[in-house]
Every structure is written in structure tokens, then in C-alpha cells.
Amino acid sequence: MAAPSRQSLLEGLTPEQQAVVTHERGPLLVIAGPGAGKTEVMLRRAAYLVLERRIEPEAILLTTFTRKATEELRVRLASLLGPQVERLLIATIHGFCQWLLEQFPDRHPFGQPLRILDEHLQHLFVFAHVEALGLNQPRGRLGEYIADVIAAFNAYSEDLVDPEALVVHLPSKSDDPEALAVAAAYCRYRRLLDESGWLDFPGLQREAYRLLREDDEVRATVQSRFQHVIVDEHQDTNILQDLILGIVAAPEMNLCVVGDDDQSIYRFRGATVANFLRFPELYPQARRIELSHNFRSRRPIVQVASRLIAHNPLRYAKTIEAVRGDGPEVLLVTSDDVDDEGERLAALIATLRAEGAIERWSDVAVLYRSVRYYAQPLLAALAARGIPAVATGNGGFFDRPDIQQLRDLIVALGWPSSWRPDHFAGPVLALTPETVDRLAAFAGNIWELDERGLEALGITDERDRSLLAGLVALRRRVKARQHGSILVLIDEILARSGYVARCIERGDTRAVLNLAQFSRLAADFDRQERSAAPFRFGEFLRSLPERSLDEVEPEDEDAVQVMTIHQAKGREFPVVILASLVEGRLPGRERPARFRIPPELLPQVTPPEIAARRLTDPEEALSDQRRLAYVALTRARDLLVLSAPARIRRQRSRPSRFLDEMGLTAERTSAPPVPRLSLAGTRDRTRRRELGTSAIVTYATCPLRFYLLYEAGFELPAWPTVQLGNAIHLTLAALHRRVLAGQPVDEEFAADLFDRYWQPLSRHASARLEGLYETGRTAVIRYVTNWHRTFERIVGVEQQFCYPAPHGLVTGRIDLVRACPDATLELVDFKTRATAGIALIRPDFQLRLYAAAFEQAVQRPVGRLTVHLLADDREESWGWSDEERARIQAELAAIWDGIAARNFPPHPGTHCVACEVAAFCPAMTKGA
DNA sequence: TAGGCACCTGTTTTT
DNA sequence: CAGGTGCCTA
């Protein structure tokens, strides 16, 4: 691929955009309004630094807000930079902190690998330690209380509140016993975390900040590596994050922050637009560039939005130019109350489609401040008209009957007295009505029945009987504590009932996605709670805040997009309807956080006036909501519809003050005329994505397996053989690294390494695991004995690569790279399975894929591809030719097309015996 | 203008 | 369930 020239990096950009790309050194503030093309400009700047200024890619740090955004940046930058993109650090700020801690494992007490509490794990952690934290007297529901407490903990951490100082000084500032209890709990929480070696998300940042500040060597290393720091979405950084970035960029201050003060909507989570607004004050030498062309929205939309946001007192004043020119006027839909509003909006959407203003339902997005609470009337009205809609942020995960039945079954397996007859009647088991009746009439203990007993009960259906007998057997395993994990129970129930296979067969992808989410929830539980006790799992589920989990929706349907304004951020739609513009909803009533930090207790890093304003100023709260409305308005490309009900339900209410501020009056109107739109070129491009080689190989063997594992994201019980594979993999990687470092290795060293990597994985001792341990240990020792002659040829270990294929980015890691006598490279992949199992995973395809990707990335010819079969103590090799390169590229393109077309049929074959999702597969279960 | 009672309503979410 | 709003009364 030819590298883009300076010319092409600047092509098609406005002079302001070009100035951002070519800015030489020193702090740079980029104020980028909506639709200003900021992502493209940022990426071109990064590419420009590498290609024109000859900055090493490693010297560039690019941070953004979400992981999804980092993926998008990586994929898009790959088309400018090629495989070099791998060498830049593109990460969320959390990701950067994690990277930093991993770089310096001996400079902090959190070990390696880091154990990070994600959202669910943090909830579980607090839930598991309620009593130790002194929080066992919750006010209201336990789940809500834990959520509030966690919010307080995270706020304390991110504002660098010293826990000891908090308990000492809070009593003089506050007489709220609850707040005092939470402060004390925070102290214990921090101590518990430290003792157990877990890091929560704020802890990750706090620890990175501490290292950067207190450890001169870490700071010097990091500062000398990153000569350029580019920060996306800077208006949504919090105080701690901004401090971290400031230190990293400190020596030369090549700190480029990109953002829009008008789109800062994460205040409730600790983000401070002040970081962005104070940038010129903090760095007086900073250059300031405004990107004020809007390439997205028609002029009336830009005008209305600009008029609204001008009412915010603290902002950079800006004039935005609507490049796309004039368009239809903004529509105002009035209604009696929120039920009426739903009706009218549904009718409007139907009309838009009927009159050809839009071509697809998904051209329309309806935005609410809260989908959970506000969207029901619209969803009902759409459903009544048969208009498809997806509502993200609906909180309805546990409303699904299948999820309920699965949950009830699991709890009942461990705690039979929780069993109620109606738990039998659900879609997962799908028992016949007669069976359900018989079971409901039965007064005894179902778990004590065997197959004959079930027959005696009058259960005649053979499938029902064997399914129930299977559950009884499972209950016995649980009772004997032999089941291992909650994940095993889910897997067994889904496999025995055939529910997943039935869902796949009738195309119910929604069910599959939600079952996968349930499996992830259980995997989190298993990771934190080693008890595997169903009762505890039930308690955990009950402890989750009400409606805190969304029902997962399939993305690919053509459906009206109903979502929260927060979720719409960064996206665009031809038609946007901003609904429920009524006082009390947008703007809503400000409710202060349950546990507040007295500003006096904040450490000196925060200017007190900012701390105070962020937390308490009602004017700032209103500004925040105005920004929220602004974000919503500016999502629209062609048509913006505002909807203002006269009341919420019965109580009188007023139309949102924001309507006045936009210069619109909420006069009652009849149905507004529908304008004609020309939507040419407004379609979202299909998202180019990043795929690992293992995912691609999986698709190549069986698209359905790929779907279940990588699209739906099923968590499955770890098969013992997978444990073995992991341990061997880690062992060989460490062994090879040592060889590469020029240090001696022998059999004893290899065996010790294996012991180290095996032990943490074996929780339950069993004969099976003992056998696997012996197998692994032997294989590793034998490898050193018989293959040490190849060690001198090792030139790369666990070599990462990425390959910008035409359809997306392929990433992967090669176990081992050896030099060949003819100066070509040999790529080696280690396999634990015996030859019989090997044919099933297409190692030749995998290695050719590696070769195609790797030779691009390192620009050295690959001559030989090798699979090392540890179980058989032998290697198998292939050559690598132009012909094969062409073939693999064609195959890769076909795979990518298949994934993009969402084509996921099962591909049955001999490999199915080794497939962990065979029991979910219609092709397998039908035959059986 | 203050006080009391009835009635209504009910954030946002990423790492 | 709990806190706030609005209406009514004194």
C-alpha cells in the first residue's frame, strides 16, 4: 500500500482543519462543533506526524472515551498508516492506565496480570462484603443502595479524596449518619481492595497517577516515550484523567485536545467541562483552532441548535456554518400528554415512510432523556402499527420470560424450596401443557423423583420426562457441590432443553443475544464468588438495581431507533425526533447525588470554585441539560422533529423552556405537513471492524460457532483441555522469551514454569485434571529435550501484528518466529491437541492467514509455515507462495463479506466433536 | 403568606 | 417508597 502524501493528507480539508493536521508543537486546543469532521482531522494529524514529520509511531498516544471509539480510530487510521498503526498507542484513558501499570509490574503492588473489577464485578465485590463494609442496614432496596454507594466510592476515588482524611474530617462537615457510614465504608473498601489485590476502574487511574507523580523513573520513561498526546472528547474527561494526561505530555507539551464544550454531557459521572474551558488559562501559549463548519446538518437544524446553546453562560462562543445548506424547517409536534405524544409520533413516522420521505425505518431516531422511563407510550404505539423498533436502554433484561425461567431454574437447583410450579411453564424448558399441569398438581419433592417416578406421575411425553430426569440429575450434582460453577448450570440447562438451538432455528436472534448476556453475568459471578452457590447467585441477581440491565437488541434489523440522548452521542440520523420536551423531563428536576463530597474535603488539585460549581451550582445543572438537548438536536442530518406534550400525565405541566430558547412556540398545531427529503448519501457506511485471527479462523470452520462466540459473546464453562492449552501457551511464551533474551533454559526450568502457570488455574482437584497436568508437564519437558536445537533460530516470540485488509483490520499474535537459513522467516504455531483433533481447526488456513498478515507488517519474506504438535512431538510444515497469498486473500474477502452480510449458517463436519457450542447447534441436535 | 394535605412522578452510563 | 409540587385553607 502506498503511503499517503502530504498532499493527500490535506486534501479536501478546510484551512482550519489543515492547521490542526500540520500544527507543529506545543499545546493545541481544537474546538470542534458537531459534524465538523473532527475524527478525520485527528487521524490525519496522527498520520501526518508519522509520515511527514517522521515521528516514531510509538511516540504518539491517542486517547478517546469508549473502547468502541478506539476500535474505530484504529481501523480508520490503518487505512492511512498501514500496519504501522499497531505501533501507536490508541486507547481509552483507562486503557492507557492499564497499559502503564502493566509496563511496570514491579513498581506497584497489583501484580500481573492486573485483576480489574469491571462494573459487575465491583457490584459483586461490594455485595459480597456488605457486612464487612458496615453497610448491612440499607435504606430502601439493597441493589439501589449498593449502586449509590458505588457511585460515591467512585466519586471519592476520582476526586482523589483521601479515605483516612475523609473519616476524620467528615463528621465536622456533615451530620448525616448515612454519609458518615458511607465514608467509613469507603475506607474499609479501599483496604479490602488493597488486601485482595483487585483494582476498580477509578483505582486504575488513581494508581497510574500516583506512579507518574511519585516514581521518577516511571515518569521519565513514559514522558520520554510519548512526544505527542492527542486527546479526543476532552470535554468529557474528569479531573484525575486530565492530570494524568498533563503529566504524560509535560516535557514538550505537545498536547492536542479535541472536543466541544457544548457537548459535555457526563457531568453526573465526574466529567468536568472545566478541563476544556480552562485549557487556554492553564497553557497560555496554547494555540486555539475552531472547526466551525458543520458537514452534517441542514441549516434550519444548525440555527435552532445554535440558538439554544447560546443560552449557556460558560462556553466558547462560536458561529457554525451549515455546509449542506438549506433544508426543511424544524417540525414541532404538540400533544395532550405523553400517551398522546406516543400516538402522534408513531403516526408521523408512519407518514414519513408512506410518503417516501424516508426509505427505511432505521432512518429515524427517537431520542429521550430516559428510554427506561419515557419511551413506553411510543413503543406501544409503534407496536400497534406494526412498525419495528429497537429500544436501547430499556432496562428490560429480566422481563424476558426465558431469562426469568433460567434464573428461577438455577436458583431452584440449589435451593429447592424456592421452587414454584409456574417455574416449569416457560420457553426454556418448553414442556407440554399436560406435563406442566401434572407437575403443578404434584405436592411432593420433584427433585426426589427418578425417571420411573416421573412416569408414575403421569408424565407421558418422552422428551419432557428425560429433560426432567436430566434436571434431577443436575440437582444431585449441585447438592453434592460437584457442579463447579454457575456457568456449568446455564450450559447444562440450555444444552439439555435445546432452547438455544430452537431459537437459532426460528431466527430468534434476540433470545440468543440475551442468553449470551446472561452467561456473561454468570461468568462474572463465578469469577468473584468461588462458591458457585446458586443461592448466592440468586441473591446477587436480586441485589442488582431495578431495571439496571438492558434487553440486548439485534443491531441489524431495519427498525426505528429509540434511544437515550447519551447513546446517540457521536452518531447521526437523517431524521431525529427529540421527544418529551416538557418541563420535568428535559430539563428534568435536578436530584443531587445521594452521598455528596463536601468541596472543602477535595484535595488541592481541584480549584475550589470549579469543584463547587461542578457539584452544586443549579445553573450548571441546567447548562448540562441544555447541552444534552443540544447533542440531541445536532444528531439530525435532514429533518429535526421536536415533540412537546402539554402535560406528562394528569398533572399540569409546561412545555420545555428550551423551546422558547430555540425561538419556537409550542402552539397547538394539527398534524404538520411532511417535507420531502433528499437522503442521497446519508446512509451510515457499514462499520469496518477489527477481527482477531482466531475469530476469522472460527468463521472459516463454522459461521454459526463464530456467531455464538464472537457476535453473541457466549461465555462457556472452561473445558479442562482449554486450561491445559492456556498453561502450555504461557509456559512456552515465557520459555521462548528467555531464549530470546540469551539466557539458558533446561527441562527443569520448563517444568517450573509450567507449574507456575498451571497452579492458579486448577481450583477443583480431580483425577482428570491430574492427568492433564502430567500431560502438559511431560509435553513441555519433552519439547525442550527434543527441540532445543531450534532455539538458536528464534527471532520473535508472541509477535503481534495487524493487517489492514481491504474490508477491515485483522489483528493477531504469532507464537514463534524462527529465522531460516535462506533468510526467510518461519512462522510457528503450537497446538496442544493431538493430530486427530487438529484437522478440525484448520491450522494450515490459520498459518496462511498469519503469513499474509505478517509479511505485510514486518516487510520480510515468509518462507515456511509450521504447526508444532506438542502431543505428537512433531512438526508439520508448508511452503508459502504467491499463489497461496492470492488464495488466502480471496478467502479472507469472502469471510468478511459473509460476516458483513450476517450470514451465519452452521457448517457441520468432523470438527463438531470438538465444538463447545455443539449442544446449541440446530444441525447437531436435530440428528440426535 | 404560611402550613398542611393530597397527589404525582420517577436520569443519563463508560471504563 | 419518598420527596416534591400544587392547591386549598386560614
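Treat the numbers as computed from the prediction; the structure is a model and nothing was measured. Labels below follow one simple rule: chain letters A, B, ... track the order of the sequence lines, proteins then strands, and each chain is numbered from 1.
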(Q) Is the phosphate of B:dG10 approached by A:Arg585 (side-chain N or O, under 4.0 Å from OP1 or OP2)? (A) yes

Q. Can you find a donor-acceptor N/O pair under 3.5 angstrom joining the side chain of A:Arg369 to the base of B:dT12?
A. no

Q. Rounded to whole angstroms, how far apart are CG on A:Leu121 and C1' on B:dT14?
A. 15 Å

Q. To the nearest 0.5 Å, how far apart are CD in A:Glu690 and SG in A:Cys802?
A. 7.5 Å

Q. A:His120 and A:Phe525: ring-ring contact (aromatic ring centres under 6.0 Å, His included), yes or no, with the steps?
A. CA-CA 8 Å; A:His120 285 151; A:Phe525 176 84; over 10 Å; no

Q. From B:dT13, B:dT11, B:dT15, pick the nucleotide closest to the side chain of A:Tyr374?
A. B:dT11

Q.
I need the CD-C1' distance between A:Gln241 and B:dT15, as an integer number of Å.
A. 9 Å

Q) What's the CG-P distance between A:Asp550 and B:dT14, to the nearest Å? A) 9 Å

Q: Could you give the distance separating C:dT5 and B:dT11 at their P atoms, to the nearest angstrom?
A: 14 Å

Q) Rounded to whole angstroms, how far apart are NE2 on A:His120 and P on B:dT14? A) 11 Å

Q | Euclidean distance, atom NZ of residue A:Lys569 to atom C1' of B:dT11 [Å, nearest integer] | A | 17 Å

Q: Return no unless some side-chain N or O of A:Thr564 is found under 4.0 Å from OP1 or OP2 of B:dT13.
A: yes

Q. Out of B:dT15, B:dT11, B:dT9, which nucleotide sits closest to the side chain of A:Ser370?
A. B:dT11

Q) Whole-Å distance between B:dT12 C1' and A:Gln567 CD? A) 9 Å

Q) Over how many whole Å does the gap from A:Arg627 atom CZ to B:dT11 atom P extend? A) 19 Å

Q | Phosphate-side-chain proximity, A:Gln98 and B:dT15, N/O vs OP1/OP2 below 4.0 Å | A | no

(Q) Closest approach to the side chain of A:Thr66, judged atom by atom: which nucleotide of B:dG10, B:dT15, B:dT13 is it? (A) B:dT15

Q | A:Phe268 over B:dT12, stacked by centroid distance under 5.5 Å, angle under 30° | A | yes

**Q.** Rounded distance (Å) that lies between atom C1' of B:dT13 and atom CG of A:Asn238
**A.** 14 Å

Q) Shortest non-hydrogen contact from A:Ala644 to A:Leu659? A) CB-CD1, 3.6 Å

Q | A:Asn275/A:Gln241 under side chain to side chain donor-acceptor pair (under 3.5 Å): CA gap, chis, key distance, verdict | A | CA-CA 10 Å; A:Asn275 286 342; A:Gln241 292 170 333; over 6 Å; no

Q) Between A:Phe518 and A:Phe398, how do the two ring planes meet: parallel, tilted or perpendicular, split at 30° and 60°? A) perpendicular

Q) Considering only side-chain heavy atoms of A:Tyr373, which listed nucleotide, B:dG10, B:dT13, B:dT15, is closest? A) B:dG10

